[in-house]
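Since the structure comes first, as structure tokens, the remarks are kept for the end.
Letters A, B, ... are given to chains in the order of the sequence lines, protein chains preceding strands, and every chain is numbered from 1.
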Amino acid sequence: MLDAIEAILGVPAPLLFGQLLLGLINGAFYAMLSLGLAVIFGLLNIINFTHGAQFMMGAFAAWMLLAWAGLGYWWALLLSPLIVGFSGIILEKLFISRLYKLDHLYGLLLTLGLGLIIEGVFRNEFGSSGLPYRIPAELSGAWDLGFMFMPIYRGWVVVAALFFCIATWLIIEKTRLGAYLRAATERAELVQAFGINVPRMITLTYGAGVALAAVAGVLAAPIYSVNPQMGSNLIIVVFAVVVIGGMGSILGSIITGFGLGIVEGLTKVYYPEASATVIFVIMAIVLLARPAGLFGRA
Amino acid sequence: MSFSRRSVLAASAAMGVAPLSRARAQANTIRIGVLNDMSGPYRDISGPYGVACTKQAVAEFGAQGFNVEVINADHQNKPDVGAGLARQWYDQGVDLILDVPTSSVGLAVAQVAKEKNKAYINTGSATSDLTGSACQATTVHWMYDTYMLAKSTGSAMVKAGGDSWFFLTADYAFGHALERDTSAFVKAAGGDVKGAVRYPFPSTSDFSSFLVQAQSSRAKVIGLANAGADTINCIKQAAEFGITRRGTKLAALLMFLADVHALGLQTAQGLVLTESFYWDLNDRTRAVTRRLLPHLSGSYPNMASIANYSATLHFLKAVKDMGVPAAKASGIELINRMKAIPCDDDAFGAGTIRVDGRKLCPSYLFEVKSPAESKGPYDYYKLLGTTPAGEAFRPLNEGNCSLVRS
């Protein structure tokens, strides 16, 4: 049976299963980051290019909590999103809130600039080669799945990412708060007329989107080198994910995130040189065939 | 306010004279341009530290009858940006371009230096092609190259029983050169290369997929033909996937002290690597490190950053030897003078520069200490072996350098 699969696919079946699984894990990061972007774009109409820097800040906050305050991974998972989310709220109040009436392009330029500044400040302070952050003792070690060696921590990443994705989706689609949010997206003045403080809701939504990036940053800290450019490596891919899924579509960004992780994983087996490009090829095709994205409403 | 005819005349005379004296000062000033990565993955290897080391060399060289000015810029690891800056600098009277990490940029700048007949000392790129098929009469390549790394680390790993290899290679000039040179040593020692994955540079941060591929090839050694943050991520993720615990060895073919610092000894311990400088090698290296430390904001020098110090001292010696006007006139003559006089400094000791532009110095094979063995800040390496300067690099006649035949 396995031999038959190998004959058809051209690579050993265990290797293929391993790659599918690893693709799913990378997809978990794409899903979490694109989810935050989709939430922010959906409500604020801001293309948040600071997201990569905020993902990086999440990882750095985890490192600082450990190195300076002695607080470990689980505390970081709780505190880092709060700290980074709060910094997002300040950013929104000070800068981003001034741009809602202008074209998307202004928001994009402002957030891109802010992202570069934040990255530069961290690079100046901490250098570019990164800081060590260890996997928490409870999650270190690995399972032998037969076809591959699966680190427990990576499994945890997928579970945690799924939890945060589903929770966000439920809040937005199934709760009263989510209903307010969706209503404010459609007709902000009308919702405000019902006595709901829309500007504050928008600020908190931005904070929540940023906090999601910080959670992804904490999850990434033990796997990747914690360095200032860790976000800029990911953010372009994540934008492609959002565009493919459909700008502002919550479910779309989750499904596309996991799906594209798997596609990328397969490319790494068949033609590794193209693994950084494949997502953009898909993006181009999707834009030609369905300009609103796979799950977007035209 | 009124102008008398005399004051106008005096003013115009002064205006005419000022550029003249400025021009004279220009003619007596040697300008060194440090071109490196100030903001990307290779920043901590040289970047601001490489600039500080250059300035330290200028300060130690002292006043010798001419002025020395050091400028620097960020080439962002892009060949077009690097070549553009180099062209602009040489046109504006820069006499030496120094550093230039990232082999693709390093090779591009070598072309510009040749076109402009200006001196170029590379201390950052690793590709051995700089003194091989792409060698130029205006280029000197300082303290390492892919051949030297491959010979030292590669041979040592094969000797220790690692006779089958799989490469994870950064898909650009440097990665290809390092994979090629290491494969040659592995095969020459009777080993076997089972395969290679070439991954996109610099946009890859998850290596787990490639590591699992490498592992399923059943090779005994995974050769990391990459550098900087990529190497760090590979080592971190290999530990996570239990690859090293299951007996597969990692060969970090290019690793600097800064990378070990970033990984932490807990993860890095036991790794075998090659550098041509370590601060704690001998009294001279400790002395120069002590002088440099106040300028390096807490970090310690590695072979790349301190090569700027060593190269600058030797360059200034050659300038003094032939005189500033002659040095400014021809890059080829200046480099020839550098090849003619022997080098000696605290960082690399005595050495020479070969006709193909290769600076000769010994290479050292180190093992990273365990946390228990490390006694102080940056006390990271144990010396395993030394390859003398004469044997560390590719023999002169094997590089296909056009300067050697003529």
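For chain B, the option among A:Gly130, A:Ser140, A:Ala274, A:Ser232 with the highest count of heavy-atom pairs below 4.5 Å is A:Gly130. Among the candidates B:Leu263, B:Asn233, B:Asp206, B:Asp259, the residue making the largest number of heavy-atom pairs closer than 4.5 Å to chain A is B:Asp206. For chain A, the option among B:Ala239, B:Gly228, B:Ala262 with the highest count of heavy-atom pairs below 4.5 Å is B:Ala262. Your options are B:Gly242, B:Pro48, B:Gly264, B:Ala229, and the one with the most heavy-atom pairs under 4.5 Å with chain A is B:Gly242.
In terms of heavy atoms, A:Phe126 sits closest to B:Asp44 at O-OD2, 4.5 Å. For B:Pro200 against A:Pro272, the heavy-atom pair with the smallest separation is CD-O, 3.4 Å. Looking at every heavy atom in both residues, A:Ile135 comes nearest to B:Glu240 through CD1-CG, 3.6 Å.
Residue B:Arg43 holds its CZ atom at 11.5 Å from CG of A:Asn227, rounded to the nearest 0.5 Å. Residue B:Ser208 holds its OG atom at 8.0 Å from CD1 of A:Ile223, rounded to the nearest 0.5 Å.
For CH2 of A:Trp75, the number of neighbouring non-hydrogen atoms (other residues, nucleotides, ligands) closer than 6.0 Å is 12 at most.
Applying the side-chain hydrogen bond (donor to acceptor under 3.5 Å, both in side chains) criterion to A:Glu273, with sequence neighbours excluded, gives no partner residue.
The part of A:Pro222 that comes within reach of chain B is its backbone (N, CA, C, O), which places non-hydrogen atoms under 4.5 angstrom from that chain. Using a 4.5 Å cut-off between heavy atoms, A:Val237 does not touch chain B at all.
Screening residues 113-134 of chain A for salt bridge (charged side-chain N to carboxylate O under 4.0 Å, His left out) gives A:Glu119-A:Arg123 as the qualifying pairs, with residues at least two apart or on separate chains. Residues in residues 218-228 of chain B take part in these side-chain hydrogen bond (donor to acceptor under 3.5 Å, both in side chains) pairs, two or more places apart or across chains: B:Asp163-B:Lys220, B:Tyr199-B:Asn226, B:Asn226-B:Thr231.
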Might you work through the side chain to side chain contact (heavy atoms under 4.5 Å, CB included) test for B:Gln237 and A:Tyr224, ending with a clear yes or no?
CA-CA 8 Å; B:Gln237 290 165 18; A:Tyr224 303 129; 3.3 Å; yes
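Residues of residues 209-217 of chain B that come closer than 4.5 Å to chain A, counting heavy atoms only, are B:Ser209, B:Phe210, B:Val212, B:Gln213, B:Ser216, ordered by residue number.
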